[in-house]
Amino acid sequence: MKISDQPVLLVTGGSRGIGAAVCLSAAEHGWAVAVNYASNRPAADAVVAAIAQAGGTAVAVEGDVGSEAGVSAIFDAVDKAFGRLDGLVNNAGIVGMPARIDEITPERLDRMLRVNVSGSILCAAAAVRRMSVRHGGKGGVIVNISSMAAVLGSAGQYVDYAASKGAIDSFTIGLSREVASDGIRVNAVRPGIIDTELHASGGLPDRARELSPSVPLKRPGTAQEVADAVLYLLSPSSSYVTGAILNVSGGR
Ligand code: NAD
């Protein structure tokens, strides 16, 4: 177990998209980064290599947040690599193929809730055990990645996904109040339409471009624009902000 002065951040699903942008920006801001990935080791290694090349510190950490064993493996690996934890970004998330409620299977729903909801809650629990001043930690910060779907509902596309993000909003509010006296701030970011591979994974590769006219700022956001909001919530600049849910949605 190694312990250094550098604060350590775990980013779930950090190998691409918004998660990768958060990892790279966090490293630039002085965090040592644990880049979690579920299966794409080369993609996580590429993020780690980019951070190392820029003079930062990072390790790739394997584990499926949708399983209890996966969450344990992730945190064991962080303990082994760094011996401390100061921040968590619950970024890993999945959508499903566009489907009406009458087409949603129990298997799909189970996986969606396991990854998006249980994964975030189990990771936060493991992080609180390490960061809370109640457990001998130094305090810390958690940022949950919600979605504008939580308030818009995603009718006709994936109401199950929207509901899972609604759960993240409620969890953010409750957890922020519960662990404020543990020295931990908890906030969320609600991205709108962001140009990442998420849409293709949900069978709608042109979704970001097609929905642009409905966005008041008339364009999709970038992963970096979401990462910038996350970095603010991770930083001491937001020291009096907890329980907040920040829309990064171009006004959508
Ligand atoms: P993405 O698909 O590029 O990234 C998601 C990442 O999570 C991937 O690296 C994926 O491998 C990882 N992941 C998925 N399941 C996992 C699991 N079980 N364990 C560990 N990692 C897992 O999409 P993105 O757009 O970068 O999404 C990041 C977050 O932002 C998600 O929570 C998503 O719901 C949210 N979000 C995205 C948008 C958007 O328009 N792109 C909008 C609102 C919210």
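Order of appearance sets the numbers: ligands from 1, and atoms from 1 within every ligand. Owing to the predicted nature of the structure, the values given are computational and were not obtained by experimental measurement.
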So do the side chains of V159 and I104 get within less than 4.5 Å of each other, counting heavy atoms only?
yes
Could you check whether D76 pairs with K80 (Lys NZ or Arg NE/NH1/NH2 to Asp/Glu carboxylate O, under 4.0 Å)?
no
Give a yes or no on whether a salt bridge exists between R108 and D160, defined as a side-chain N under 4.0 angstrom from a carboxylate O.
yes
Would you check whether S146 reaches within less than 4.0 Å of ligand 1, judged by its heavy atoms?
yes
Would you mind running through ligand 1 and noting each atom that sits below 4.0 Å from a heavy atom of Y161?
33 (C), 34 (O), 35 (C), 36 (N), 43 (C), 44 (C)
Would you tell me whether S181 and R134 have side-chain atoms, one donor and one acceptor, within less than 3.5 Å of each other?
yes
Distance from atom 23 (O) of ligand 1 to nearest protein heavy atom, with residue and atom
L198 CB, 3.3 Å
So, does S15 sit close enough to ligand 1 that a heavy atom of it is under 4.0 Å from the ligand?
yes
Do the side chains of L204 and Q157 get nearer than 4.5 Å, heavy atoms only?
yes
Give the residue and atom name of whichever protein heavy atom lies nearest to atom 19 (N) of ligand 1, and the separation in Å to one decimal.
V65 N, 3.0 Å
Scan the protein's non-hydrogen atoms and note whether one is under 4.0 Å from atom 36 (N) of ligand 1.
yes
Ignoring hydrogens and angles, tell me if any N or O in the side chain of N247 forms a donor-acceptor pair with the backbone of R190 under 3.5 Å.
no
Can you confirm whether M148 sits close enough to K165 that some side-chain heavy atom of one is under 4.5 Å from a side-chain heavy atom of the other?
no
Looking only at protein heavy atoms, what sits closest to atom 41 (N) of ligand 1 is T196 OG1, 3.1 Å
Would you mind finding which of T222, I194, V89 brings a heavy atom closest to atom 39 (C) of ligand 1?
I194
Tell me, do L10 and L85 make a side-chain contact under 4.5 Å, heavy atoms counted?
yes
Closer than 4.0 Å to some heavy atom of N36 - which atoms of ligand 1 meet that?
20 (C), 21 (N)
Taking only non-hydrogen atoms of A149, do any sit less than 4.0 angstrom from ligand 1?
no
Of all the atoms in ligand 1, which lie at a distance below 4.0 Å from a heavy atom belonging to G17?
3 (O), 26 (O)
Atom 30 (O) of ligand 1 [closest protein heavy-atom partner, distance rounded to 0.1 Å]:
I145 CG2, 3.3 Å
Answer with side chain, backbone, both or neither: which part of E62 has a heavy atom less than 4.0 angstrom from an atom of ligand 1?
neither
One finds that the ligand 1 atoms under 4.0 Å from a non-hydrogen atom of I18 are 25 (O), 26 (O), 30 (O), 37 (C)
Quick one: does G14 get a heavy atom under 4.0 Å from ligand 1?
no
Atom 22 (C) of ligand 1 has as its nearest protein heavy atom A92 CB, 3.6 Å
Using atom types as modelled and distance alone, determine if a side-chain donor or acceptor of N36 lies under 3.5 Å from a backbone N or O of G13.
yes
Which residue and non-hydrogen atom of the protein lie closest to atom 5 (C) of ligand 1, and at what distance in Å?
G93 O, 3.9 Å
How close do V248 and A229 get, counting heavy atoms only, and between which atoms?
CG2-CB, 3.6 Å
Assigning hydrophobic clusters by single linkage (Ile, Leu, Val, Met, Phe, Trp, Tyr; side-chain heavy-atom cutoff under 4.5 Å), is Y37 placed with F75?
no
Are any of the side-chain nitrogens in R130 or D79 under 4.0 Å away from the carboxylate oxygens of its partner?
yes
I168 versus N116: any side-chain heavy-atom pair under 4.5 Å?
no
Heavy atoms of the protein only: does one fall short of 4.0 Å from atom 10 (C) of ligand 1?
no
Under-4.0 Å heavy-atom contact with ligand 1, by part of N91 that carries it:
both
Can you find an N/O atom of R207 closer than 3.5 Å to an N/O atom of ligand 1?
no
Against ligand 1, does T12 come closer than 4.0 Å with any heavy atom?
no
Inspect the contact between E225 and R219 and indicate whether a charged nitrogen and a carboxylate oxygen are less than 4.0 angstrom apart.
yes
Is there a side-chain contact between L109 and L113 (heavy atoms, below 4.5 Å)?
yes
Nearest-0.5 Å distance, CZ of residue R16 to CG of residue L198
7.5 Å
Here the atoms of ligand 1 under 4.0 Å from any heavy atom belonging to V115 are 15 (N), 18 (N)
Considering distance alone, does some N or O of Y37 sit under 3.5 Å from an N or O of ligand 1?
no
Mark up the atoms of ligand 1 that fall under 4.0 Å of a heavy atom belonging to G66, in ascending order.
18 (N)
F171 vs N144 side-chain heavy atoms within contact, under 4.5 Å
yes
Identify the closest protein heavy atom to atom 12 (C) of ligand 1: which residue and atom is it, and at what distance?
G13 CA, 3.6 Å
Taking N or O atoms only and a 3.5 Å limit, does R16 qualify as a polar contact for ligand 1?
yes
With a 4.0 Å cut-off on heavy atoms, does R190 reach ligand 1?
no
Which protein non-hydrogen atom lies closest to atom 42 (C) of ligand 1, naming both residue and atom, and how far is it?
G192 O, 2.9 Å
Examine ligand 1 and decide if any of its atoms is less than 4.0 Å from a heavy atom belonging to H199.
yes
Ligand 1 atoms nearer than 4.0 angstrom to some heavy atom of I94 are 14 (C), 15 (N)
Run the numbers for me: atoms of ligand 1, each under 4.0 Å from some heavy atom of D64, listed by number.
17 (C), 18 (N), 19 (N)
May I ask you to decide if N91's main-chain N or O and T12's side chain share a donor-acceptor pair within less than 3.5 Å?
yes
